[in-house]
Novice: 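Sending over a structure as structure tokens; questions will come in a sec.
No hydrogens, no waters, no symmetry mates; every other heavy atom, side chains included, goes into these values. Counting from 1, the numbers follow the sequence of the chain as shown.
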Amino acid sequence: MIGGIPNVGKSSIINALRKQTKDFPNKPIAKTGPKPSVTRGVEGFKVSLDPLIFLKDTPGVMIPRIDSPEQGMKLSLTGAIKDEIAGESLICDYLLFVLNKLSIFDYVKKYGLEGPTDDIDKLVNHLKKRYNWNEEAICRAILKDYRKGRLG
């Protein structure tokens with residue numbers, strides 16, 4: 001059985017293990033996606049015929065309560081909590097705070113800024129001119145870049 005918090009790659013592990021065997025080359029069967037709640041129930045998958053191995057995929061399991069706003073924002077950054085709950089703009093603002101605090105400034109070059117900023121509105125307005133997108137689309141793209149490892 002594979003268990004963990006939402007959106008950490010439980011289904012992806014099953015697909016990767018399946019792909020490693022000669023029995024099921026390049027045939028992923030566990031549904032995956034960039035947002036939590038893709039796996040809705042416990043599902044069993046055969047990952048190998050020799051030796052015979054079955055794994056059960058489970059929906060993400062969350063702690064019963066979130067003790068602090070920071071803990072909630074950290075979970076939101078990973079995608080464990082749906083972006084709509086905290087709001088993409090607020091999550092992006094927290095992301096800028098964390099990246100700057102850790103002196104990770106890859107976003108400056110990626111987004112063509114003159115220097116680091118703590119102001120999410122400044123970043124969004126800069127990207128609006130560049131891409132002609134609305135704030136929601138820009139924040140969604142920033143979070144996607146972060147979650148794909150493109151921002152450090």
Side-chain angles (χ1 to χ4, degrees), residues 1-20 24 26-45 47 55-152:
M1 183 176 286
I2 307 258
I5 65 171
N7 216 41
V8 294
K10 297 176 294 295
S11 300
S12 295
I13 288 172
I14 289 172
N15 289 334
L17 290 170
R18 241 177 101 85
K19 195 182 282 189
Q20 293 301 312
F24 310 103
N26 300 322
K27 193 169 182 184
I29 55 164
K31 292 180 189 173
T32 62
K35 294 189 174 200
S37 300
V38 173
T39 305
R40 298 236 175 231
V42 177
E43 299 178 59
F45 299 101
V47 295
L55 285 175
K56 290 204 181 253
D57 194 9
T58 61
V61 179
M62 281 295 291
I63 52 179
R65 69 173 194 265
I66 297 172
D67 291 326
S68 71
E70 185 173 16
Q71 185 181 36
M73 293 310 297
K74 287 177 180 177
L75 289 166
S76 294
L77 272 179
T78 67
I81 297 174
K82 290 183 179 182
D83 292 342
E84 298 81 26
I85 292 174
E88 290 156 333
S89 181
L90 183 60
I91 300 168
C92 280
D93 191 33
Y94 181 73
L95 173 60
L96 278 181
F97 166 75
V98 170
L99 292 174
N100 290 330
K101 183 178 174 183
L102 298 173
S103 299
I104 300 172
F105 303 118
D106 297 5
Y107 73 91
V108 174
K109 183 177 179 184
K110 174 149 182 71
Y111 298 131
L113 296 171
E114 292 179 15
T117 182
D118 280 329
D119 186 351
I120 188 63
D121 293 328
K122 180 178 176 181
L123 176 58
V124 166
N125 288 330
H126 174 77
L127 293 176
K128 273 184 185 177
K129 294 174 196 167
R130 193 172 181 185
Y131 296 109
N132 198 25
W133 293 348
N134 64 27
E135 179 177 350
E136 185 178 308
I138 289 169
C139 288
R140 196 174 309 119
I142 292 169
L143 291 173
K144 182 178 180 181
D145 283 344
Y146 172 72
R147 291 171 182 156
K148 293 278 184 182
R150 299 178 191 136
L151 301 181

Novice: Sequence neighbours left out, what passes salt bridge (charged side-chain N to carboxylate O under 4.0 Å, His left out) with Glu43? Give chain and number order.
Specialist: none
Novice: Which ring-ring contact (aromatic ring centres under 6.0 Å, His included) pairs, counting each pair once, include a residue from residues 105-125, with sequence neighbours left out?
Specialist: none
Novice: Looking at CD1 of Ile120 and CZ of Phe97, how far apart are the two atoms once the value is rounded to the nearest 0.5 Å?
Specialist: 14.0 Å
Novice: Check whether any side-chain heavy atom of Lys56 lies under 4.5 Å from a side-chain heavy atom of Ile2, and answer yes or no.
Specialist: no
Novice: Would you check if Glu114 and Val108 make a side-chain contact, meaning some heavy-atom pair closer than 4.5 Å?
Specialist: no
Novice: Measure the SG-CD1 distance between Cys92 and Ile138 for me, rounded to the nearest 0.5 Å.
Specialist: 9.5 Å
Novice: Tell me every residue that passes side-chain contact (heavy atoms from CB on, under 4.5 Å) with Asp57, counting only those two or more places apart in sequence or in another chain.
Specialist: Lys10, Ser11, Ile14, Ala30, Thr39, Phe45
Novice: Output the distance between atom CG (Leu96) and atom CD1 (Ile142), rounded to the nearest 0.5 Å.
Specialist: 6.5 Å
Novice: Walk me through whether Cys139 and Ile91 qualify under side chain to side chain contact (heavy atoms under 4.5 Å, CB included).
Specialist: CA-CA 8 Å; Cys139 288; Ile91 300 168; over 6 Å; no
Novice: Tell me whether the rings of Trp133 and Tyr131 are parallel (<30°), tilted (30 to 60°) or perpendicular (>60°).
Specialist: parallel
Novice: Side chain to side chain donor-acceptor pair (under 3.5 Å) with Glu84: which residues, sequence neighbours excluded?
Specialist: Lys35
Novice: Among residues at least two apart in sequence or on other chains, which ones pass salt bridge (charged side-chain N to carboxylate O under 4.0 Å, His left out) with Arg140?
Specialist: Glu88, Glu136
Novice: Going by side-chain hydrogen bond (donor to acceptor under 3.5 Å, both in side chains), name the pairs with one or both residues in residues 120-129, residues two or more places apart or in two chains.
Specialist: none
Novice: Going through the distances and angles, do Leu55 and Arg18 end up as a side chain to side chain contact (heavy atoms under 4.5 Å, CB included)?
Specialist: CA-CA 10 Å; Leu55 285 175; Arg18 241 177 101 85; over 6 Å; no
Novice: Give, for atom OH of Tyr146 and atom CZ of Arg150, the distance between the pair rounded to the nearest 0.5 Å.
Specialist: 14.0 Å
Novice: Report the residues that fulfil salt bridge (charged side-chain N to carboxylate O under 4.0 Å, His left out) with Lys74, sequence neighbours left out, ordered by chain and then residue number.
Specialist: Glu70
Novice: Does Ile81 reach the side chain of Ile66, with side-chain heavy atoms less than 4.5 Å apart?
Specialist: yes
Novice: Test side chain to side chain contact (heavy atoms under 4.5 Å, CB included) on Thr58 and Met1 and set out the steps.
Specialist: CA-CA 7 Å; Thr58 61; Met1 183 176 286; 3.7 Å; yes
Novice: With sequence neighbours excluded, tell me which residues meet side chain to side chain donor-acceptor pair (under 3.5 Å) with Asp67.
Specialist: Arg65
Novice: Taking only residues at least two apart or on different chains, which pairs with a member in residues 57-93 satisfy ring-ring contact (aromatic ring centres under 6.0 Å, His included)?
Specialist: none
Novice: Hey, what do you get for CG (Leu99) to CG (Leu77), rounding to the nearest 0.5 Å?
Specialist: 8.5 Å
Novice: Does any part of the side chain of Thr78, heavy atoms only, come nearer than 4.5 Å to the side chain of Val8, both counted from C-beta?
Specialist: no
Novice: Using 0.5 Å steps for rounding, measure from the CG atom of Leu143 to the OG atom of Ser76.
Specialist: 9.5 Å
Novice: Can any side-chain N or O of Asn100 pair as donor or acceptor with the backbone N or O of Pro116 at less than 3.5 Å?
Specialist: no
Novice: For Asp93, enumerate each residue passing the salt bridge (charged side-chain N to carboxylate O under 4.0 Å, His left out) test, keeping only those at least two apart in sequence or located in another chain.
Specialist: none
Novice: Could you go through the salt bridge (charged side-chain N to carboxylate O under 4.0 Å, His left out) check for Asp83 and Arg147 one step at a time?
Specialist: CA-CA 12 Å; Asp83 292 342; Arg147 291 171 182 156; 2.7 Å; yes
Novice: Not counting sequence neighbours, which residues clear side chain to side chain donor-acceptor pair (under 3.5 Å) with Ser89? List them please.
Specialist: Glu135
Novice: Give me each pair satisfying ring-ring contact (aromatic ring centres under 6.0 Å, His included) with a member in residues 58-89, each pair once, sequence neighbours excluded.
Specialist: none
Novice: Tell me the closest heavy-atom pair linking Lys110 and Leu151, and the distance in Å.
Specialist: CD-CD2, 3.8 Å
